[in-house]
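To start, the structure itself, in structure tokens.
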Amino acid sequence: MATLQEPAAPASDRSYWGNVWHAVKSTAVGMGITFRYLWTKPFTTQYPDERLPVDGRYRGIHYLEQDLCIYCQACAKACPVDCIDMGAQRHGKELEWEFFSIDYQKCMFCELCVYPCPKDCIHMGEQYSLVTEDKSDFLLELTSWQGLTEEQKLRIAEAEAAKAAKKAAAAKAKAAKEAAEAAAEPAEPEEGKE
Amino acid sequence: MSAALPPAAAAPQGNGLTELLGGLLPDGLPFWALALTGAVVSFAIIFAFIAVLAMFATWLERKVAGHIQVRYGPMRTGAWHGWAQALADGVKLLIKEDLVLTSADKPLFKLAPMVVLSTALAAFVALPFGPNAIVADLDLGIYFIIAISSITTFGVIMAGWGSNNKWSLYGAMREAAQVASYEIPLGLSLMMPVMYFGSLSLNHAGAMQSGWYGMHWYVFSDAFWIAIPSFALFFTAALAETKRAPFDLPESESELVAGFHTEYSGIRFAFFFMEEYAAMYLMSAVGTALWFGAWNFPGLSLLEGTVLHAPLAVAAFVTKSLLLVFVMMWVRWTVPRIRIDQVMALGYKYLTPLCLLMILLAASWEWVKAIAFGA
Amino acid sequence: MAETVSFFFFAAITIGCALLALLHRNVVNSAFSLLGTLLGLAGFYVMLGADFLAMTQVLIYAGGILVLIIFGLMLTQPDTNERRMGRILAAVAVVGTGALAFWEKIGVATWNAVEVAELGEPGGTVREIGLEFLRRDSWLLPFEFASIVLLAGLVGSVYIARRRFREEEL
Amino acid sequence: MGLSAYLTVGALLFLIGLVMVAARRNLIYVLMGLELILNAANLNLVAFNRFRPGGMEGHLDGQIGAIFVIILAAAEAAIALAIVLNVHSLFETIRPDDIDAMKD
């Protein structure tokens, strides 16, 4: 059986009526302040309806200037979480895009993909709300067109036409040359053929 | 009984509801059938009132909280300022799964919300909403309300013990300590208006505060210098009794998860929620009835005898009570929660002695009045 | 009719909850079921025309004393699983036999004689009780003594239960 | 319902309270039993007051007695619980059988 002892009484620096006055006054002052705030206009912006502009440095969802991109894969190699994937076919200088996707389940918006880009064509955007009910929606496709644009097709067609014309011209020139040679030495081709 | 007694309390007798039912029901019914019908109908009315009130008050609380913190509160459910938020919450609570823990003390766990809500409902019986709009005009209306609302504590302790969760139990113990302490100043602070009106009946108090165009309120009476501090004492004790901030230690969410109703979900949680708002309204209504003139307001007496009188009186009473409910919310979002030892010190060292002092002053004032003006 | 129904209703609550309090092996549940007993008694008081006493019963017994008891239970961490039904049954047998004997010998004979009183309809009692307490030739002195007893009890219990520490905790 | 019905309920309550005091080995049970006994006495007092020959009009001595019992019960409960708490903090038990420091 242990003996019990008294604890020391806590010290107070205010008198009884001082405490009462302090409590009443501080409550009244505080309620005055909250009452004033009750009638001030709220600072809230109603988010999905109106959005605050984000800062220029903000790192949101990427956007790609696809016509500048040269499919060098520098951004994909720089990505620390390997969330960038792309595919394209080269037609000479033109690119036939298959996809350029970023998996936002992995992406941590570190901006490391932006710096290595030689053409400065991938940027961090201002979009930040990526809300979905389906996880597969997080695999975002950044290309604005796939395959070739009409312009590119036209250019390729022109290039090929030019090439074909060139080829045809070359063939024609060759044929002409041959014809000229044959005219100069008519006996030789027959000998050569045999 | 000696002859020198003051005249007996001349409370307006009768109950509008019972009279109405007596007119509607066929003649020749036995008394108990009439009484039973009256009880069921008044229960339905009170329950509907509390349910609507709880919905409105949750919405109001969020709006008040929001605007005091310079934001909007709910805005999106329903077209105008999120008015349907409380409805949506109610539907959600009804649909949610009603969990009962396997380790809980099941009878207590299931009984607790019913005890809590039924006591809140029972206390509304003695509230006068208008001159005759009272379910039971009891002689000891105020005493009845205090007594019945003290049982609410039991539901809370049952919930805390039955949940078999240490946070719930801490909450319940705090509730037991707090409510048992604050019942004393609450009861004592009601004595000042009781001494002024000379009756424990709220209906009588309301009737005494009519006159002079409905402005004979206790706070405007000759004893206003007693009425105002005594109302402050009453309001503080009522805040503690209803577990509202800054006295919301039984459910202080930053320390005790949610206190005694941590383990409740679905409809049982909704019962606790309804009880909280019902108790807030109840205390505000008692304050209104005793200090702020019950259903009286300037100009109401001009309409005496017209059809408009009763609805306007009820509307005035409900509006004044809701204003006090708003003050409770206002206090909640102003004053930080205080420590349990501060709660005890406030109750025992400050409120109780100050209430006793006020009682002494009120009694002396009645005596002085009797000597000076003759009574 | 209504009176009989309400009598048996309150009797069932009162006695049933008291029995539950006696026989339940969990102390806390016993204390909670005591609430039913006290409220049932309040119902009896209303039936017996003692409305002020009924409310006092609810306020002080149910809202005060029982809360205090439960508070004490929770502070003392009782062993909540007591299984000594044998002792209870023995006690019930002994005391019950004595009570039955008492009932047979004295109770029935005298109690039935008192029932013929001409009874008035009870009205509100609060006013009368208040006046009784404050009349000099009535209950004024006991009332003041009771207040002194309460004050002494309050001070005494605060003094006894004040927080003290063991030496090793200091 | 006559007087004897109320007195029977009172007697049963008294019996239950007595058994609770006698048989349960826990100070708080003893306290609860005491409260039951006091309540049984109160019920009897009120019932006697109601069935007073000549009616209860103007004669409320039974009820006033019951009020005094309630007052004393409140004081008793407060002090008894203070003692129980003290016993618990000294002996770390509230079973009367285990409080036997005098025996050794």
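Below, read A as the first sequence line, B as the second, and so on, with proteins coming before strands; counting in each chain starts at 1. Because the structure is predicted, anything quoted here is derived from the model rather than measured.
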With a 6.0 Å cut-off (strictly less than), is the heavy-atom count around CZ of C:F10, excluding the residue itself, greater than 12? yes
Honestly, the part of C:L68 sitting under 4.5 Å from a heavy atom of chain B is neither
What one should report as the nearest heavy-atom pair of C:M55 and B:F144 is SD-CD1, 3.4 Å
When the 4.5 angstrom heavy-atom criterion is applied to C:T56 and chain B, the contacting part is both
If one checks every heavy atom of B:I151 against chain C at 4.5 Å, the contacting part turns out to be side chain
- Message: Quick one, C:N29 with B:D105, criterion side chain to side chain contact (heavy atoms under 4.5 Å, CB included). Give me CA distance, side-chain angles, the key distance, then yes/no.
- Response: CA-CA 9 Å; C:N29 288 25; B:D105 191 331; 3.0 Å; yes
If one checks every heavy atom of B:L111 against chain C at 4.5 Å, the contacting part turns out to be neither
Classify the ring geometry between C:F32 and B:F154 as parallel (under 30°), tilted (30 to 60°) or perpendicular (over 60°).
-> perpendicular
Nearest heavy-atom contact between C:G63 and B:S150 is CA-OG, 3.6 Å
The side chain to side chain contact (heavy atoms under 4.5 Å, CB included) partner of B:I157 among C:L35, C:L66, C:I70 is C:I70
If one checks every heavy atom of B:L140 against chain C at 4.5 Å, the contacting part turns out to be side chain
Original post:
Does atom NZ of B:K166 have more than 12 heavy-atom neighbours, drawn from other residues, nucleotides or ligands, at distances under 6.0 Å?
Top reply: no
Highest number of heavy-atom pairs under 4.5 Å with chain C among B:P107, B:A177, B:A180, B:G187 belongs to B:A177
